[in-house]
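Fair warning: this is a prediction, and the values are worked out from it, not measured in the lab. Proteins come first, then strands; the chains are lettered A, B, ... in the order of their sequence lines, and each starts at number 1.
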Amino acid sequence: MHLSDPALIDAPSVLAWYDRHARDLPWRVAPAARAKGEHPDPYRVWLSEVMLQQTTVATVRSYFVRFTSLWPTVFDLAAAPLDSVLKEWAGLGYYARARNLHACAQAVVNEHAGQFPQTSAGLQTLPGIGAYTSAAIAAICFDEQVAVLDGNLDRVLARYYALDVPVREAKEELRAALQASVPQRAGDFAQAMMDLGATICAPRAAACMLCPIQPGCIATRQGEPTLYPIKPAKAERPVRKGHAFVMLDAAGDVYLQSRPTKGLLGGMTEVPGSDWAAELVEVTYPMDGEWQHRGQVVHIFTHFRLELEVWSAAVEPDALEGGWWAEPAALKGEALPTLFRKVLAAAGLE
DNA sequence: AATTCGGGGCA
DNA sequence: TGCCCAGAATT
């Protein structure tokens, strides 16, 4: 046990702060409107929560507007081809989310008559909806009195309780402590606590003088809240190296292909390339041609650093199979992750 | 319980 | 540069 008799969070103070300082977000119903009985659209809340998994509000905003413009309801999204969803998701990262998003939309339409389940337990049975997202949707849309614990809350609670171990080792204790504090206005409370973490109890700086729960915060009382949360030792990031091949036909079109549906950048579009390994393999061109070295692209993934040598050549297209030729002007609409947009840029395209 | 999944913003 | 972000699925 790392928390002995954890003090409750003063929910009324948190809600009073939220009533005055709630951020204006495209998927949010403001607390005043919520008090008048206006309910958030579960489809929009779900879509926003999936996009926000490990992704900042600033990045999500434009994607959210685009998605809801193209697909205003869960029926529209479920009816859309997966390809078009992947194309619109391109650049947002964690592409398994896009596949699960589409699968979830179809499950809601086909197995739940287009209505999202109204409990966290029911929501969590759907693809791409885990402990956090199920609780968030249930609280925000249906005011289920459930603890909504995200990365912001990890930090806020670690400071509030001066947690002396990494959060991972006390996750369920923090959840129980938060659960005990959840008020009737569960949705507003959840969003308030996340806003508080994002704007006041920030990672590098804590504006404790503005914080509605400062009176109960142990880390503040100790004097240095940013000492928490305690960080686990970090593993170093390995390097992988490889080659990428940009092939152009006589018309100047580019050869593209699809990646396998599972694993890194699953189902997304790429240009052909070598395997990626710790040591750079000798280059083996996929076709005959006047190959030119166009430089190196460096791309940082969560768990490794990738260095790709970019080659380009004009080729005879006949012998290629499995992919397709794309006009340079049409590259913007392809399901190209950022890595391969960098590769194409290095070859003089995009 | 630990690892595998992207990418951008910020100090 | 390193850290963090409204985490989930897989192993």
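Under the 4.0 Å criterion applied to side-chain N and carboxylate O atoms, A:D188 and A:R185 are assigned as salt-bridge partners. Salt bridge absent: A:R240 and A:D275 never bring a charged side-chain N and a carboxylate O closer than 4.0 Å.
With DNA chain B read from its 5' end, the first of the two nearest nucleotides for A:T338 and A:R168 is the one closest to A:R168. Taking the nucleotide of DNA chain B with the nearest heavy atom to each of A:F304 and A:A58, the more 5' of the two is matched to A:F304.
Ring geometry for A:F64 against A:W27 counts as perpendicular: the plane angle is over 60°, on a 0 to 90° scale with 30° as the lower cut.
Hydrophobic side-chain contacts under 4.5 Å tie A:Y228 into a cluster, directly or through other members, with A:L227, A:I230.
The residue A:G197 sits apart from the nucleic acid: no heavy atom pair falls under 4.0 Å. Among the protein residues, A:T302 comes within range of the nucleic acid bases, having at least one heavy atom under 4.0 Å from a base atom.
With hydrogens and angles disregarded, no donor-acceptor distance shorter than 3.5 Å links the side chain of A:T220 to the backbone of A:Q214.
C:dA6 and B:dC10 have their P atoms separated by 12 Å, given to the nearest Å. Taking atom P in both B:dG6 and C:dT11, the straight-line distance is 15 Å, to the nearest Å.
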Can you check each nucleotide of nucleotides 6-11 of chain C against protein heavy atoms at under 4.0 Å and return B for base, S for sugar-phosphate only, - for none, in 5' to 3' order?
-> BBSS--

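No donor-acceptor contact under 3.5 angstrom links the side chains of A:T284 and A:E282, judged on distance only. Checking A:Y132 against A:Q53 by side-chain atom types alone, no donor-acceptor pair falls below 3.5 Å.
Here A:H299 reaches the OP1 or OP2 of B:dG7: one of its side-chain N or O atoms lies under 4.0 Å away. For the OP1/OP2 pair of B:dC5 and a distance below 4.0 Å, the side-chain nitrogens and oxygens of A:K262 include no atom meeting the criterion. Contact between the side-chain N/O atoms of A:K234 and the OP1/OP2 oxygens of C:dG2 is not found at any separation under 4.0 Å.
Rounding to whole angstrom units, NE2 of residue A:H303 and C1' of B:dC5 are separated by 6 Å. The CD-P distance, from A:E270 to B:dG6, rounds to 13 Å in whole Å.
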